[in-house]
Amino acid sequence: MSFSDIVPEHIRQIPIYKSENPAEEIERELGVKVVQLGMNENPFGPSPKAVEAARSYMEHVAPYPDDSGFFLRQKLAAHYHVSMDELIISSGSSDILAMAYHAILSPSAEVLTGEASFIVYYQLADILNMRILRVPMKDYGFDVDAMASRVTPNTRLIVIANPNNPTGTIVRRRELDAFIKRIPDHTLVILDEAYFEYVGDSEYPDSLEYVRAGRPILILRTFSKVFGLAGLRIGYGISTRDVIGTLYKVRMAFNTNSVAQVAALAAWDDHEHVQKSVQLNRAGLEFLYKGLAKRGLKYVPSHANFVLVELGRPAPVVTEALLKQGVIVRPAWGCPTCMRVSVGTQDQNERFLSALNKVL
Ligand SMILES: Cc1ncc(COP(=O)(O)O)c(C=O)c1O
């Protein structure tokens with residue numbers, strides 16, 4: 001009898017997650033420099049100040065990290081005008097998603113989200129054998145009206161990425177206000193704002209207002225995107241004391257490392273780097289829009305650092321052909337004819353568009 005024979009059926013059913021080979025290996029195979037536009041990272045890297053802070057901290061890694069993440073939580077809490085008990089740091093915001101799923105787990109608990117969103121929302125439900133309702137998208141965005149109508153007495157979590165990955169759309173203030181009003185207190189709404197810093201829309205909601213009003217809303221943000229620290233795994237969540245206190249009960253101790261904590265502190269203070277990254281991202285998006293339109297491709301205008309392209313044919317055929325040209329992009333989860341392209345440097349964006357010429 002093998003180990004896989006003794007695990008529950010729902011675990012056996014999970015397909016093994018296959019991430020790409022590292023760029024270096026693909027480069028060796030193809031003999032060309034690979035362009036990584038598949039992970040929505042910051043192509044300009046982290047703030048040099050964060051790199052320096054991390055480098056100098058390496059001499060102090062013998063002790064365990066500060067488990068409370070005191071200084072980072074203090075800084076973030078002061079910025080957001082919330083108490084430190086209303087804030088949790090984590091090993092990436094995905095880590096807090098996992099905590100929330102674990103905290104509400106019971107045989108009847110249900111999760112509600114959209115059909116085309118961040119893969120981790122679905123993976124967690126599969127791993128924990130939870131019922132998950134996927135409400136069809138409307139114009140590539142969350143149909144929050146339809147979602148509110150699907151809430152049941154067992155709905156414990158609603159997960160909304162705002163901006164959404166992979167579509168780049170946002171739910172605007174008026175829509176979100178109306179939605180939140182319809183959600184009963186037995187449901188925790190998670191607003192996953194991993195791409196928050198990139199949004200320039202004046203109707204983008206200030207989700208902190210819900211928390212200040214005492215609503216059970218959990219806001220997730222991260223240092224993985226505009227701050228360019230995805231490799232260090234650090235993110236944070238803001239919610240009521242009640243919600244954050246509960247998450248603390250189910251988290252693993254020492255879940256953020258000390259180097260990540262000091263790098264995040266330094267990255268947070270480098271406003272110039274963040275601003276520059278946001279500006280270059282906007283310019284990159286415009287450049288990609290023009291290039292896609294010129295090639296007759298439909299795209300969804302994005303509020304984040306990636307763009308969804310509607311190919312009108314199965315996306316893996318195109319993404320695999322692009323990979324052979326040394327360009328990594330992804331088929332979009334929940335939309336079989338769409339691919340998601342991260343905004344790169346000007347050079348990377350040009351390489352993507354010229355590879356696209358060869359592939360189409
Ligand atoms: C919507 C969304 N949430 C969360 C994450 C993951 O963030 P982290 O690196 O903080 O776990 C991503 C990463 O792609 C994302 O797209």
Side-chain angles (χ1 to χ4, degrees), residues 17 19-20 36-43 45-46 50 69 72 76 87-102 111 113-125 127 134 137 140-142 157-171 189-199 204 207 217-238 247 251-252 255-257 259-261 263-264 267-268 281 300 302-308 328-335 338-344:
Y17 181 73
S19 57
E20 275 125 13
Q36 169 58 281
L37 299 179
M39 299 293 279
N40 304 342
E41 298 145 338
N42 183 341
L72 184 56
L76 296 172
L87 204 140
I88 186 168
I89 64 165
S90 62
S91 171
S93 51
S94 322
D95 187 29
I96 307 184
L97 278 168
M99 292 177 210
Y101 275 63
H102 279 95
V111 181
T113 187
E115 201 162 51
S117 195
F118 184 39
I119 190 167
V120 170
Y121 308 159
Y122 316 101
Q123 285 175 332
L124 282 168
I127 293 166
R134 305 158 192 228
M137 312 301 278
Y140 296 96
F142 282 94
L157 282 185
I158 300 180
V159 200
I160 293 177
N162 200 27
N164 187 35
N165 171 12
T167 60
T169 54
I170 56 168
V171 180
V189 178
I190 302 182
L191 296 174
D192 180 349
E193 299 181 342
Y195 303 95
F196 165 81
E197 294 83 1
Y198 286 110
V199 183
Y204 184 63
S207 50
I217 308 288
L218 171 61
I219 301 164
L220 302 184
R221 294 191 185 161
T222 184
F223 286 91
S224 297
K225 302 301 174 182
V226 82
F227 293 101
L229 295 176
L232 285 181
R233 310 304 300 125
I234 187 150
Y236 59 99
I238 305 170
L247 296 180
R251 109 198 146 109
M252 294 296 291
N255 61 335
T256 57
N257 69 75
V259 176
Q261 289 180 28
W268 181 260
N281 179 67
V300 180
S302 172
H303 295 269
N305 65 345
F306 54 85
V307 58
L308 187 86
I328 305 175
V329 296
R330 287 195 168 250
W333 177 263
C335 177
C338 302
M339 69 176 174
R340 190 196 68 196
V341 186
S342 307
V343 179

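Start at 1 and go down the list; that is how both ligands and their atoms are numbered. Residue numbers count from 1 along this sequence. These numbers come from the heavy atoms of this one structure, side chains and all, not from hydrogens, waters or symmetry mates.
Which parts of ligand 1 touch Ser224 is read off a 4.0 Å heavy-atom cut-off, strictly below it: atoms 8 (P), 9 (O), 10 (O).
Among Thr222, Ile160, Asp192, the residue whose heavy atom lies nearest to atom 3 (N) of ligand 1 is Asp192. Evaluated by nearest non-hydrogen atom to atom 14 (O) of ligand 1, the leading choice among Glu41, Glu193, Lys225, Arg221 is Lys225. Of the listed options Phe306, Phe227, Phe118, Tyr121, Phe118 places a heavy atom closest to atom 5 (C) of ligand 1.
Of the inter-residue distances, the one linking Leu191 atom CG with Ile238 atom CD1 reads 11.0 Å to the nearest 0.5 angstrom.
For the pair Asn165 (side chain) and Phe306 (backbone), a donor-acceptor distance under 3.5 Å is absent. One N or O on the side chain of Asn42 and one on the backbone of Val226 form a donor-acceptor pair closer than 3.5 Å. Under the 3.5 Å distance criterion, the side-chain polar atoms of Tyr101 are matched with a main-chain donor or acceptor of Tyr121. With hydrogens and angles disregarded, no donor-acceptor distance shorter than 3.5 Å links the side chain of Asn305 to the backbone of Tyr195.
With hydrogens left out, the protein atom closest to atom 7 (O) of ligand 1 is Ser93 OG, 3.2 Å, a heavy atom. At the top of the distance list for atom 11 (O) of ligand 1, counting protein heavy atoms only, stands Ser94 OG, 2.5 Å.
Ring geometry for Tyr204 versus Phe196: interplanar angle of 30 to 60°, hence tilted.
Within the 4.0 Å heavy-atom criterion, the part of Tyr195 lying near ligand 1 is the side chain and not the backbone.
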